[in-house]
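All remarks here apply to the structure that follows.
Note that the structure is predicted; figures quoted are calculated from it, not measured. Throughout, residue positions are numbered sequentially from 1 according to the sequence presented.
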Amino acid sequence: MSSSHGDEPRDGRAVPEDDLAELFLRTTKRLRRTQASRLSPLGLTPAQARALRIVGRAAEHGDEPLRMFALAEYLGIVPRSATTVVDALVSAGLVAREPDPANRRATLVTPTAAGRRALDGMSEARREAAEEIFSVLTPEKRATLRGLLAELGTDAADRRSC
């Protein structure tokens with residue numbers, strides 16, 4: 001089977017046209033690399049940006065302040081790893097950490113004013129990265145892809161309840 005230049009990964013091996021998982025993974029990696037390069041000027045790693053985004057969303061949804069344990073769960077990491085990420089965000093002045101008055105063993109995390117400004121910059125960086133990746137698609141193809149990804153991202157149990 002011949003492949004076009006666009007079907008070859010960086011190591012030169014051809015990817016079968018029907019290998020959707022590999023193509024999806026390659027696109028996801030490209031999107032992450034592009035986003036990481038756009039986050040770099042903000043002084044954030046992708047992990048820090050994701051944590052800040054979760055803390056910021058908690059504030060948007062009235063769940064502020066967010067407990068460290070909940071942040072670790074959202075991130076899918078152990079609480080000690082979340083502490084390391086939050087330490088970096090505190091050092092950068094993007095989040096504040098304080099004891100939970102309702103539970104002295106828990107710690108609360110909230111975005112600072114600088115953190116909210118960084119969230120705005122992150123949103124712009126994500127939009128620019130997505131535009132760079134998806135600009136080759138027509139608006140119709142983007143709409144189709146959006147629908148397909150929404151369907152794939154829906155849990156099987158959620159689909160059964162519809």
Distance in Å, L145 CG paired with T27 OG1, rounded so as to fall on 0.5 Å steps: 8.5 Å
Residue pair E131, R142: steps toward the salt bridge (Lys or Arg N to Asp or Glu O under 4.0 Å) verdict: CA-CA 11 Å; E131 181 59 32; R142 286 185 192 203; 3.2 Å; yes
Flag if over 12 foreign heavy atoms under 6.0 Å of CZ, F134: yes
Salt-bridge contact E73-R67 (side-chain N to carboxylate O under 4.0 Å): no
Minimum heavy-atom distance between S37 and T34, given as atom pair plus value: OG-O, 2.8 Å
Closest non-hydrogen atom pair, A82 against I77: N-CD1, 3.5 Å
4.5 Å side-chain heavy-atom contact, L39 and M122: yes
Electrostatic pair E124-R38, nearest N-O below 4.0 angstrom: no
Test side chain to side chain contact (heavy atoms under 4.5 Å, CB included) applied to P111 and R53, R116, R57, the passing residue: R116
For S123, side chain to side chain contact (heavy atoms under 4.5 Å, CB included) partners two or more places apart: R127
Distance, nearest 0.5 Å, that separates CZ of R26 from CD of E22: 6.0 Å
Heavy-atom pair of closest approach, residues L52 and L119: O-CD2, 3.6 Å
Transitive ILVMFWY side-chain link F24 to V136, under 4.5 Å: yes
Can you give me every donor-acceptor pair (side chain of residues 41-50, partner residue at least two apart or in another chain, under 3.5 Å) with its distance?
| residue | atom | partner | partner atom | Å |
| --- | --- | --- | --- | --- |
| T45 | OG1 | Q48 | N | 3.1 |
| Q48 | OE1 | T45 | N | 3.1 |
| R50 | NH1 | L75 | O | 3.1 |
| R50 | NH2 | Y74 | O | 3.3 |

Linked, directly or transitively: V109 and I54 (ILVMFWY side chains, under 4.5 Å): yes
Heavy-atom closest pair, residues P101 and L108: CD-CD1, 3.9 Å
ILVMFWY network linking L25 to L148, side-chain heavy atoms under 4.5 angstrom: no
Residues V55, L71; criterion side-chain contact (heavy atoms from CB on, under 4.5 Å); working and verdict: CA-CA 7 Å; V55 171; L71 176 61; 4.2 Å; yes
Which atom pairs, donor and acceptor, lie under 3.5 Å between side-chain atoms of residues 84-96 and protein residues at least two apart or in another chain?
| residue | atom | partner | partner atom | Å |
| --- | --- | --- | --- | --- |
| T84 | OG1 | R80 | O | 3.4 |
| D87 | OD1 | R97 | NH1 | 2.8 |
| D87 | OD1 | R97 | NH2 | 2.8 |
| S91 | OG | D87 | O | 3.1 |

